[in-house]
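Computed from heavy atoms alone, side chains included, the values below leave out hydrogens, waters and symmetry copies. Quick note on labels: first sequence line is chain A, next is B, and so on, each numbered from 1.
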2 protein chains.
Amino acid sequence: MTVPPVGRRERKKAATRQAIADAALQLFLERGYDQVGIRDIADAADVSTATVFKHFSGKEALVFDEDEDRESELTAAVRQRASGQSILDALRQHVLDTWLPIAAHPQMTEFTNLVDSTPALREYAERMWTRHTDGLSAAIADEIGVDHDNLACVALARFVLQIPVIARGRQDRRAAVEEIFDILTQGWEPPSKPPAP
Amino acid sequence: MTVPPVGRRERKKAATRQAIADAALQLFLERGYDQVGIRDIADAADVSTATVFKHFSGKEALVFDEDEDRESELTAAVRQRASGQSILDALRQHVLDTWLPIAAHPQMTEFTNLVDSTPALREYAERMWTRHTDGLSAAIADEIGVDHDNLACVALARFVLQIPVIARGRQDRRAAVEEIFDILTQGWEPPSKPPAP
DNA sequence: TTGGAAAAGTTGACTCGTTGCACTTTTGCA
DNA sequence: TGCAAAAGTGCAACGAGTCAACTTTTCCAA
(Lines give C-alpha, C1' and ligand atoms only; values in the text may rest on other atoms or scores of the structure.)
Protein backbone atom coordinates (compact mmCIF):
# COMPACT_ATOMS: atom_id res chain seq x y z
CA MET A 1 0.00 0.00 0.00
CA THR A 2 2.33 2.76 1.21
CA VAL A 3 5.22 1.93 -1.06
CA PRO A 4 7.07 5.16 -0.14
CA PRO A 5 6.40 5.94 3.52
CA VAL A 6 5.13 9.48 3.49
CA GLY A 7 5.29 11.38 6.77
CA ARG A 8 8.50 12.04 8.65
CA ARG A 9 7.14 9.86 11.43
CA GLU A 10 6.70 6.84 9.23
CA ARG A 11 10.02 7.38 7.56
CA LYS A 12 11.82 7.46 10.88
CA LYS A 13 9.97 4.42 12.07
CA ALA A 14 10.90 2.54 8.94
CA ALA A 15 14.49 3.69 9.32
CA THR A 16 14.68 2.42 12.89
CA ARG A 17 13.19 -0.86 11.84
CA GLN A 18 15.69 -1.19 9.02
CA ALA A 19 18.58 -0.29 11.29
CA ILE A 20 17.56 -3.06 13.67
CA ALA A 21 17.14 -5.61 10.90
CA ASP A 22 20.49 -4.66 9.36
CA ALA A 23 22.33 -4.84 12.64
CA ALA A 24 20.74 -8.18 13.41
CA LEU A 25 21.55 -9.75 10.06
CA GLN A 26 25.14 -8.52 10.16
CA LEU A 27 25.71 -9.88 13.65
CA PHE A 28 24.01 -13.16 12.82
CA LEU A 29 26.17 -13.63 9.75
CA GLU A 30 29.31 -12.71 11.69
CA ARG A 31 28.84 -14.80 14.83
CA GLY A 32 25.94 -17.14 14.15
CA TYR A 33 22.33 -16.85 15.24
CA ASP A 34 22.69 -18.43 18.67
CA GLN A 35 25.79 -16.42 19.53
CA VAL A 36 23.93 -13.13 19.25
CA GLY A 37 21.57 -11.84 21.93
CA ILE A 38 18.78 -9.35 21.57
CA ARG A 39 20.81 -6.92 23.67
CA ASP A 40 23.71 -7.16 21.24
CA ILE A 41 21.37 -6.25 18.42
CA ALA A 42 19.73 -3.46 20.35
CA ASP A 43 23.14 -2.01 21.24
CA ALA A 44 24.37 -2.24 17.67
CA ALA A 45 21.26 -0.48 16.39
CA ASP A 46 21.45 1.97 19.31
CA VAL A 47 17.94 1.28 20.57
CA SER A 48 16.52 -0.44 23.61
CA THR A 49 15.53 -4.10 23.63
CA ALA A 50 11.90 -3.12 24.08
CA THR A 51 12.08 -1.17 20.82
CA VAL A 52 13.33 -4.27 19.02
CA PHE A 53 10.19 -6.13 20.06
CA LYS A 54 7.99 -3.20 19.11
CA HIS A 55 9.17 -3.69 15.54
CA PHE A 56 9.56 -7.46 15.37
CA SER A 57 7.45 -10.19 16.86
CA GLY A 58 10.44 -12.25 17.94
CA LYS A 59 14.09 -13.02 17.36
CA GLU A 60 13.46 -15.19 14.31
CA ALA A 61 11.39 -12.48 12.65
CA LEU A 62 14.48 -10.26 12.54
CA VAL A 63 15.83 -12.37 9.74
CA PHE A 64 12.90 -12.48 7.35
CA ASP A 65 11.05 -9.77 5.49
CA GLU A 66 7.45 -9.58 6.53
CA ASP A 67 4.81 -11.65 4.85
CA GLU A 68 2.21 -8.92 4.54
CA ASP A 69 0.37 -10.15 1.49
CA ARG A 70 1.70 -13.52 0.53
CA GLU A 71 -1.65 -14.97 1.42
CA SER A 72 -3.63 -12.53 -0.66
CA GLU A 73 -1.34 -13.21 -3.61
CA LEU A 74 -1.92 -16.93 -3.22
CA THR A 75 -5.68 -16.64 -3.07
CA ALA A 76 -5.65 -14.17 -5.97
CA ALA A 77 -3.66 -16.65 -8.04
CA VAL A 78 -6.43 -19.19 -7.53
CA ARG A 79 -9.40 -16.87 -7.87
CA GLN A 80 -8.22 -14.83 -10.82
CA ARG A 81 -6.67 -17.59 -12.88
CA ALA A 82 -7.03 -17.68 -16.63
CA SER A 83 -10.31 -19.18 -17.72
CA GLY A 84 -9.93 -22.84 -18.47
CA GLN A 85 -6.80 -23.12 -16.34
CA SER A 86 -6.99 -25.68 -13.57
CA ILE A 87 -6.45 -24.67 -9.99
CA LEU A 88 -3.38 -26.86 -9.78
CA ASP A 89 -1.87 -25.26 -12.86
CA ALA A 90 -2.62 -21.80 -11.55
CA LEU A 91 -0.80 -22.62 -8.34
CA ARG A 92 2.08 -24.15 -10.23
CA GLN A 93 2.48 -21.03 -12.28
CA HIS A 94 2.19 -18.79 -9.27
CA VAL A 95 4.89 -20.65 -7.40
CA LEU A 96 7.15 -20.58 -10.43
CA ASP A 97 6.53 -16.87 -11.01
CA THR A 98 6.79 -15.51 -7.51
CA TRP A 99 8.92 -17.87 -5.52
CA LEU A 100 11.63 -18.88 -7.96
CA PRO A 101 12.97 -15.38 -8.62
CA ILE A 102 13.20 -14.60 -4.91
CA ALA A 103 14.90 -17.86 -4.06
CA ALA A 104 17.32 -17.53 -6.96
CA HIS A 105 18.70 -14.18 -5.86
CA PRO A 106 22.49 -14.40 -5.99
CA GLN A 107 23.63 -12.84 -2.71
CA MET A 108 21.15 -15.20 -1.11
CA THR A 109 23.75 -17.87 -0.46
CA GLU A 110 25.17 -16.69 2.86
CA PHE A 111 21.67 -15.90 4.00
CA THR A 112 20.54 -19.38 3.01
CA ASN A 113 23.49 -20.86 4.85
CA LEU A 114 22.48 -19.01 7.98
CA VAL A 115 18.91 -20.27 7.80
CA ASP A 116 19.89 -23.82 6.94
CA SER A 117 22.37 -24.03 9.78
CA THR A 118 19.93 -22.77 12.40
CA PRO A 119 17.06 -25.11 13.32
CA ALA A 120 14.99 -22.33 14.83
CA LEU A 121 15.18 -20.39 11.58
CA ARG A 122 14.45 -23.42 9.45
CA GLU A 123 11.28 -24.07 11.37
CA TYR A 124 10.26 -20.45 11.31
CA ALA A 125 10.72 -20.27 7.55
CA GLU A 126 8.62 -23.37 7.13
CA ARG A 127 5.86 -21.93 9.27
CA MET A 128 5.87 -18.77 7.18
CA TRP A 129 4.51 -20.89 4.35
CA THR A 130 2.30 -23.34 6.16
CA ARG A 131 0.62 -20.50 8.04
CA HIS A 132 -1.44 -19.78 4.95
CA THR A 133 -2.98 -23.20 4.50
CA ASP A 134 -6.33 -22.09 5.86
CA GLY A 135 -6.53 -19.09 3.59
CA LEU A 136 -5.45 -20.97 0.50
CA SER A 137 -7.70 -23.88 1.27
CA ALA A 138 -10.68 -21.56 1.66
CA ALA A 139 -9.94 -19.91 -1.67
CA ILE A 140 -9.76 -23.27 -3.41
CA ALA A 141 -12.99 -24.41 -1.81
CA ASP A 142 -14.74 -21.21 -2.84
CA GLU A 143 -13.65 -21.63 -6.43
CA ILE A 144 -15.07 -25.13 -6.55
CA GLY A 145 -18.16 -24.33 -4.56
CA VAL A 146 -17.69 -26.64 -1.58
CA ASP A 147 -17.35 -26.08 2.15
CA HIS A 148 -14.24 -24.37 3.45
CA ASP A 149 -13.25 -27.44 5.39
CA ASN A 150 -13.54 -29.75 2.41
CA LEU A 151 -10.89 -32.40 2.87
CA ALA A 152 -9.50 -32.45 -0.64
CA CYS A 153 -9.07 -28.69 -0.57
CA VAL A 154 -7.36 -28.66 2.80
CA ALA A 155 -5.03 -31.42 1.71
CA LEU A 156 -4.17 -29.72 -1.56
CA ALA A 157 -3.42 -26.45 0.19
CA ARG A 158 -1.12 -28.19 2.65
CA PHE A 159 0.68 -30.10 -0.05
CA VAL A 160 1.18 -27.11 -2.30
CA LEU A 161 2.62 -25.01 0.51
CA GLN A 162 5.08 -27.77 1.26
CA ILE A 163 6.51 -27.49 -2.22
CA PRO A 164 8.77 -24.48 -1.65
CA VAL A 165 10.04 -26.14 1.49
CA ILE A 166 10.88 -29.31 -0.39
CA ALA A 167 12.35 -27.58 -3.42
CA ARG A 168 14.53 -25.31 -1.29
CA GLY A 169 18.17 -26.24 -1.53
CA ARG A 170 17.80 -28.14 -4.80
CA GLN A 171 20.18 -27.27 -7.57
CA ASP A 172 17.42 -26.87 -10.16
CA ARG A 173 14.53 -25.39 -8.26
CA ARG A 174 12.36 -24.96 -11.30
CA ALA A 175 12.58 -28.60 -12.26
CA ALA A 176 11.90 -29.60 -8.68
CA VAL A 177 8.76 -27.48 -8.46
CA GLU A 178 7.50 -28.88 -11.74
CA GLU A 179 8.18 -32.44 -10.71
CA ILE A 180 6.32 -32.13 -7.41
CA PHE A 181 3.34 -30.49 -9.08
CA ASP A 182 3.33 -33.38 -11.52
CA ILE A 183 3.04 -35.74 -8.58
CA LEU A 184 0.04 -33.85 -7.30
CA THR A 185 -1.52 -33.75 -10.75
CA GLN A 186 -1.00 -37.30 -11.89
CA GLY A 187 -0.36 -39.22 -8.71
CA TRP A 188 2.87 -40.57 -7.31
CA GLU A 189 4.83 -43.25 -9.10
CA PRO A 190 8.16 -44.77 -8.15
CA PRO A 191 10.91 -42.86 -9.96
CA SER A 192 12.87 -44.96 -12.42
CA LYS A 193 16.17 -46.40 -11.25
CA PRO A 194 19.33 -45.09 -12.81
CA PRO A 195 21.08 -47.71 -14.98
CA ALA A 196 23.51 -49.87 -13.02
CA PRO A 197 27.14 -48.71 -13.32
CA MET B 1 12.21 -53.17 24.70
CA THR B 2 12.01 -52.99 28.51
CA VAL B 3 8.27 -53.33 28.77
CA PRO B 4 8.49 -53.94 32.55
CA PRO B 5 11.37 -51.87 33.98
CA VAL B 6 13.39 -54.36 35.97
CA GLY B 7 15.67 -52.95 38.65
CA ARG B 8 14.47 -50.87 41.56
CA ARG B 9 16.41 -47.97 40.14
CA GLU B 10 14.63 -48.03 36.81
CA ARG B 11 11.27 -48.49 38.46
CA LYS B 12 11.78 -45.46 40.64
CA LYS B 13 12.98 -43.43 37.72
CA ALA B 14 9.92 -44.41 35.70
CA ALA B 15 7.70 -43.59 38.66
CA THR B 16 9.21 -40.12 39.01
CA ARG B 17 8.79 -39.52 35.34
CA GLN B 18 5.18 -40.61 35.47
CA ALA B 19 4.49 -38.46 38.51
CA ILE B 20 5.80 -35.44 36.65
CA ALA B 21 3.81 -36.20 33.51
CA ASP B 22 0.63 -36.80 35.51
CA ALA B 23 1.01 -33.61 37.52
CA ALA B 24 1.69 -31.65 34.35
CA LEU B 25 -1.28 -33.02 32.45
CA GLN B 26 -3.64 -32.46 35.34
CA LEU B 27 -2.52 -28.87 35.82
CA PHE B 28 -2.65 -28.18 32.09
CA LEU B 29 -6.18 -29.52 31.85
CA GLU B 30 -7.25 -27.54 34.90
CA ARG B 31 -5.74 -24.17 34.13
CA GLY B 32 -4.59 -24.29 30.53
CA TYR B 33 -1.10 -24.81 29.18
CA ASP B 34 0.09 -21.23 29.34
CA GLN B 35 -1.26 -20.70 32.84
CA VAL B 36 1.01 -23.39 34.27
CA GLY B 37 4.72 -22.86 34.86
CA ILE B 38 7.43 -25.46 35.14
CA ARG B 39 7.80 -24.51 38.79
CA ASP B 40 4.14 -25.30 39.41
CA ILE B 41 4.58 -28.74 37.89
CA ALA B 42 7.76 -29.41 39.82
CA ASP B 43 6.03 -28.44 43.06
CA ALA B 44 3.00 -30.59 42.32
CA ALA B 45 5.20 -33.59 41.56
CA ASP B 46 7.42 -32.73 44.53
CA VAL B 47 10.64 -32.58 42.55
CA SER B 48 12.96 -29.77 41.52
CA THR B 49 12.68 -28.03 38.20
CA ALA B 50 16.03 -29.46 37.20
CA THR B 51 14.59 -32.94 37.63
CA VAL B 52 11.73 -32.11 35.29
CA PHE B 53 14.20 -31.34 32.54
CA LYS B 54 16.21 -34.46 33.29
CA HIS B 55 13.15 -36.46 32.27
CA PHE B 56 11.65 -34.29 29.54
CA SER B 57 13.32 -32.31 26.82
CA GLY B 58 11.01 -29.32 27.23
CA LYS B 59 7.65 -28.10 28.39
CA GLU B 60 5.77 -29.37 25.34
CA ALA B 61 7.23 -32.86 25.73
CA LEU B 62 5.45 -33.18 29.07
CA VAL B 63 2.19 -33.65 27.20
CA PHE B 64 3.12 -36.34 24.69
CA ASP B 65 4.31 -39.88 25.08
CA GLU B 66 7.74 -40.33 23.68
CA ASP B 67 8.30 -41.25 20.06
CA GLU B 68 10.90 -43.91 20.62
CA ASP B 69 10.38 -46.02 17.54
CA ARG B 70 7.80 -44.42 15.36
CA GLU B 71 10.44 -43.94 12.72
CA SER B 72 11.58 -47.54 12.75
CA GLU B 73 7.96 -48.67 12.45
CA LEU B 74 7.50 -46.41 9.46
CA THR B 75 10.58 -47.63 7.66
CA ALA B 76 9.72 -51.23 8.50
CA ALA B 77 6.28 -50.77 7.00
CA VAL B 78 7.92 -49.76 3.76
CA ARG B 79 10.75 -52.28 3.74
CA GLN B 80 8.82 -55.32 4.90
CA ARG B 81 5.64 -54.80 2.93
CA ALA B 82 3.81 -57.73 1.35
CA SER B 83 5.29 -58.71 -1.97
CA GLY B 84 3.46 -57.03 -4.78
CA GLN B 85 2.14 -54.27 -2.54
CA SER B 86 3.00 -50.78 -3.62
CA ILE B 87 4.88 -48.47 -1.30
CA LEU B 88 1.94 -46.11 -1.15
CA ASP B 89 -0.43 -48.90 -0.20
CA ALA B 90 1.95 -50.13 2.45
CA LEU B 91 2.07 -46.67 3.96
CA ARG B 92 -1.67 -46.32 3.73
CA GLN B 93 -2.17 -49.54 5.58
CA HIS B 94 0.42 -48.65 8.18
CA VAL B 95 -1.21 -45.32 8.93
CA LEU B 96 -4.61 -46.96 9.17
CA ASP B 97 -3.31 -49.72 11.42
CA THR B 98 -1.15 -47.76 13.82
CA TRP B 99 -2.45 -44.23 13.90
CA LEU B 100 -6.20 -44.65 13.77
CA PRO B 101 -6.51 -46.73 16.95
CA ILE B 102 -4.42 -44.29 18.95
CA ALA B 103 -6.25 -41.24 17.68
CA ALA B 104 -9.65 -42.85 18.23
CA HIS B 105 -9.13 -43.48 21.93
CA PRO B 106 -12.22 -42.24 23.77
CA GLN B 107 -10.85 -40.29 26.74
CA MET B 108 -8.75 -38.48 24.16
CA THR B 109 -11.22 -35.64 23.76
CA GLU B 110 -10.14 -33.34 26.56
CA PHE B 111 -6.54 -34.06 25.66
CA THR B 112 -7.27 -33.19 22.06
CA ASN B 113 -8.98 -30.01 23.16
CA LEU B 114 -5.90 -29.03 25.11
CA VAL B 115 -3.61 -29.58 22.16
CA ASP B 116 -5.90 -27.90 19.66
CA SER B 117 -6.31 -24.82 21.82
CA THR B 118 -2.58 -24.35 22.38
CA PRO B 119 -0.53 -23.25 19.36
CA ALA B 120 2.74 -24.38 20.89
CA LEU B 121 1.36 -27.87 21.35
CA ARG B 122 -0.17 -27.98 17.90
CA GLU B 123 3.17 -27.16 16.36
CA TYR B 124 5.00 -29.63 18.53
CA ALA B 125 2.61 -32.41 17.62
CA GLU B 126 3.09 -31.61 13.97
CA ARG B 127 6.85 -31.70 14.33
CA MET B 128 6.62 -35.10 16.01
CA TRP B 129 5.48 -36.43 12.66
CA THR B 130 7.43 -34.34 10.21
CA ARG B 131 10.63 -35.07 12.12
CA HIS B 132 10.78 -38.45 10.42
CA THR B 133 10.67 -37.28 6.84
CA ASP B 134 14.35 -37.95 6.30
CA GLY B 135 14.18 -41.47 7.66
CA LEU B 136 11.06 -42.37 5.75
CA SER B 137 12.34 -40.79 2.59
CA ALA B 138 15.56 -42.77 2.83
CA ALA B 139 13.66 -46.01 3.31
CA ILE B 140 11.51 -45.34 0.25
CA ALA B 141 14.55 -44.47 -1.83
CA ASP B 142 16.32 -47.63 -0.73
CA GLU B 143 13.37 -49.76 -1.73
CA ILE B 144 13.32 -48.27 -5.18
CA GLY B 145 17.08 -48.18 -5.60
CA VAL B 146 17.63 -44.47 -6.01
CA ASP B 147 19.60 -41.86 -4.10
CA HIS B 148 18.43 -40.90 -0.64
CA ASP B 149 17.79 -37.34 -1.73
CA ASN B 150 15.68 -38.36 -4.69
CA LEU B 151 13.07 -35.66 -5.07
CA ALA B 152 10.03 -37.86 -5.58
CA CYS B 153 10.89 -39.85 -2.47
CA VAL B 154 11.45 -36.79 -0.32
CA ALA B 155 8.19 -35.29 -1.52
CA LEU B 156 6.24 -38.47 -0.90
CA ALA B 157 7.63 -38.83 2.60
CA ARG B 158 6.66 -35.25 3.42
CA PHE B 159 3.19 -35.62 2.03
CA VAL B 160 2.49 -38.90 3.76
CA LEU B 161 3.56 -37.53 7.12
CA GLN B 162 1.22 -34.60 6.65
CA ILE B 163 -1.72 -36.97 6.44
CA PRO B 164 -2.20 -37.57 10.17
CA VAL B 165 -1.97 -33.85 10.70
CA ILE B 166 -4.64 -33.18 8.11
CA ALA B 167 -6.92 -36.03 9.17
CA ARG B 168 -6.74 -35.01 12.83
CA GLY B 169 -9.98 -33.53 14.04
CA ARG B 170 -12.08 -35.06 11.26
CA GLN B 171 -15.19 -36.90 12.25
CA ASP B 172 -14.36 -39.96 10.14
CA ARG B 173 -10.60 -40.28 10.34
CA ARG B 174 -10.47 -43.50 8.39
CA ALA B 175 -12.29 -42.05 5.42
CA ALA B 176 -10.09 -38.97 5.56
CA VAL B 177 -6.89 -41.00 5.50
CA GLU B 178 -8.16 -43.07 2.60
CA GLU B 179 -9.21 -40.02 0.64
CA ILE B 180 -5.87 -38.29 1.00
CA PHE B 181 -3.97 -41.41 0.02
CA ASP B 182 -6.20 -41.59 -3.03
CA ILE B 183 -5.09 -38.10 -3.94
CA LEU B 184 -1.47 -39.14 -3.72
CA THR B 185 -2.13 -42.29 -5.72
CA GLN B 186 -4.27 -40.95 -8.51
CA GLY B 187 -3.60 -37.24 -8.48
CA TRP B 188 -5.76 -34.40 -7.24
CA GLU B 189 -9.07 -33.60 -8.81
CA PRO B 190 -11.60 -30.99 -7.79
CA PRO B 191 -14.15 -32.60 -5.48
CA SER B 192 -17.69 -32.63 -6.83
CA LYS B 193 -20.06 -29.90 -5.70
CA PRO B 194 -22.95 -30.87 -3.51
CA PRO B 195 -26.34 -30.45 -5.24
CA ALA B 196 -27.83 -26.99 -4.82
CA PRO B 197 -30.40 -26.77 -1.96
C1' DT C 1 1.71 29.23 15.99
C1' DT C 2 0.92 26.76 19.39
C1' DG C 3 -0.94 23.28 22.32
C1' DG C 4 -1.91 18.99 23.09
C1' DA C 5 -2.93 14.06 21.56
C1' DA C 6 -0.83 10.14 19.79
C1' DA C 7 3.03 7.57 18.38
C1' DA C 8 7.82 6.18 19.16
C1' DG C 9 11.22 5.17 22.21
C1' DT C 10 13.43 4.47 26.92
C1' DT C 11 14.21 2.33 31.28
C1' DG C 12 14.24 -1.11 34.50
C1' DA C 13 12.17 -4.55 36.81
C1' DC C 14 9.96 -8.77 36.06
C1' DT C 15 8.30 -13.58 34.30
C1' DC C 16 9.39 -17.86 32.45
C1' DG C 17 11.76 -21.69 30.19
C1' DT C 18 16.01 -23.68 30.43
C1' DT C 19 20.85 -24.71 31.82
C1' DG C 20 24.95 -25.33 34.79
C1' DC C 21 27.19 -26.38 38.93
C1' DA C 22 28.23 -28.17 43.18
C1' DC C 23 26.28 -31.04 46.33
C1' DT C 24 23.62 -35.09 48.66
C1' DT C 25 21.10 -39.34 48.41
C1' DT C 26 20.06 -43.68 46.53
C1' DT C 27 21.11 -47.82 44.24
C1' DG C 28 23.69 -51.57 42.01
C1' DC C 29 27.31 -54.38 42.29
C1' DA C 30 32.20 -56.19 42.92
C1' DT D 1 31.24 -53.53 52.98
C1' DG D 2 32.54 -50.18 50.22
C1' DC D 3 32.41 -47.44 46.30
C1' DA D 4 31.19 -45.63 41.71
C1' DA D 5 27.45 -44.32 39.01
C1' DA D 6 22.89 -42.67 38.68
C1' DA D 7 19.23 -39.82 40.38
C1' DG D 8 17.88 -35.93 42.50
C1' DT D 9 18.45 -31.25 44.90
C1' DG D 10 19.06 -26.25 45.45
C1' DC D 11 20.29 -22.32 43.63
C1' DA D 12 22.07 -19.06 40.73
C1' DA D 13 22.09 -17.55 36.30
C1' DC D 14 20.98 -16.65 31.28
C1' DG D 15 18.27 -15.10 27.40
C1' DA D 16 13.85 -14.10 25.30
C1' DG D 17 10.07 -11.59 25.89
C1' DT D 18 6.58 -8.48 28.59
C1' DC D 19 4.96 -4.67 31.27
C1' DA D 20 4.19 -0.17 33.11
C1' DA D 21 5.55 4.35 33.76
C1' DC D 22 7.96 7.79 31.76
C1' DT D 23 10.20 11.06 28.05
C1' DT D 24 10.66 12.58 23.43
C1' DT D 25 9.08 13.42 18.86
C1' DT D 26 5.79 14.29 15.41
C1' DC D 27 1.45 15.55 13.66
C1' DC D 28 -2.39 18.39 13.14
C1' DA D 29 -6.15 21.32 14.12
C1' DA D 30 -7.94 25.39 16.46
Atom [atom1] of [X] and atom [atom2] of [N]: how far apart are they, to the nearest Å?
| X | N | atom1 | atom2 | answer |
| --- | --- | --- | --- | --- |
| B/F28 | C/dC16 | CZ | P | 13 Å |
| A/L62 | D/dG17 | CG | C1' | 12 Å |
| B/K54 | C/dC21 | NZ | P | 12 Å |
| B/F53 | C/dC16 | CZ | P | 13 Å |
| B/L121 | C/dG17 | CG | P | 12 Å |
| B/D40 | C/dC16 | CG | C1' | 11 Å |
| B/I41 | C/dC16 | CD1 | P | 12 Å |
| A/I38 | C/dT15 | CD1 | P | 20 Å |

* Determine the contact category for A/V36: base if any of its heavy atoms lies under 4.0 Å from a base atom, sugar-phosphate if only primed atoms, P, OP1 or OP2 are that close, otherwise nothing. => sugar-phosphate
* Using a cut-off of 4.0 Å on non-hydrogen atoms, how would the nucleic acid contact of A/D46 be classed: base, sugar-phosphate, or nothing? ->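 Sugar-phosphate: the residue A/D46, judged by heavy atoms under 4.0 Å, touches backbone atoms but no base.
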* Asked: Does any donor-acceptor pair link the side chain of A/R39 with the base of D/dG15 at a separation under 3.5 Å?
  ->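 Check fails, no donor-acceptor contact within cut-off.
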Quick one: do the [X] and [Y] side chains pair a donor with an acceptor below 3.5 Å?
| X | Y | value |
| --- | --- | --- |
| B/S48 | B/T51 | yes |
| A/D142 | A/H148 | yes |
| B/Q18 | B/D22 | yes |

* **Salt bridge B/R92-B/D97, side-chain N to carboxylate O under 4.0 Å** =>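 Salt bridge between B/R92 and B/D97, a charged N being under 4.0 Å from a carboxylate O: no.
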* Asked: Does D/dG10 have OP1 or OP2 sitting under 4.0 Å from an N or O in the side chain of B/S48?
  -> no
* To do: Could you tell me whether the phosphate oxygens of D/dG8, OP1 or OP2, come under 4.0 Å of any side-chain nitrogen or oxygen in B/T16?
  => yes
* Asked: Taking the nucleotide of DNA chain C with the closest heavy atom to each, which residue, B/K59 or B/A50, is nearer the 5' end?
  ->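 That would be B/K59.
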* **Worked check of salt bridge (Lys or Arg N to Asp or Glu O under 4.0 Å) between B/R81 and B/E143** => CA-CA 10 Å; B/R81 67 192 190 279; B/E143 278 302 297; 2.8 Å; yes
* Asked: Closer to the 5' end of DNA chain D via nearest nucleotide, is it B/H55 or A/G37?
  ->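 Per heavy-atom nearest nucleotide, the more 5' residue is B/H55.
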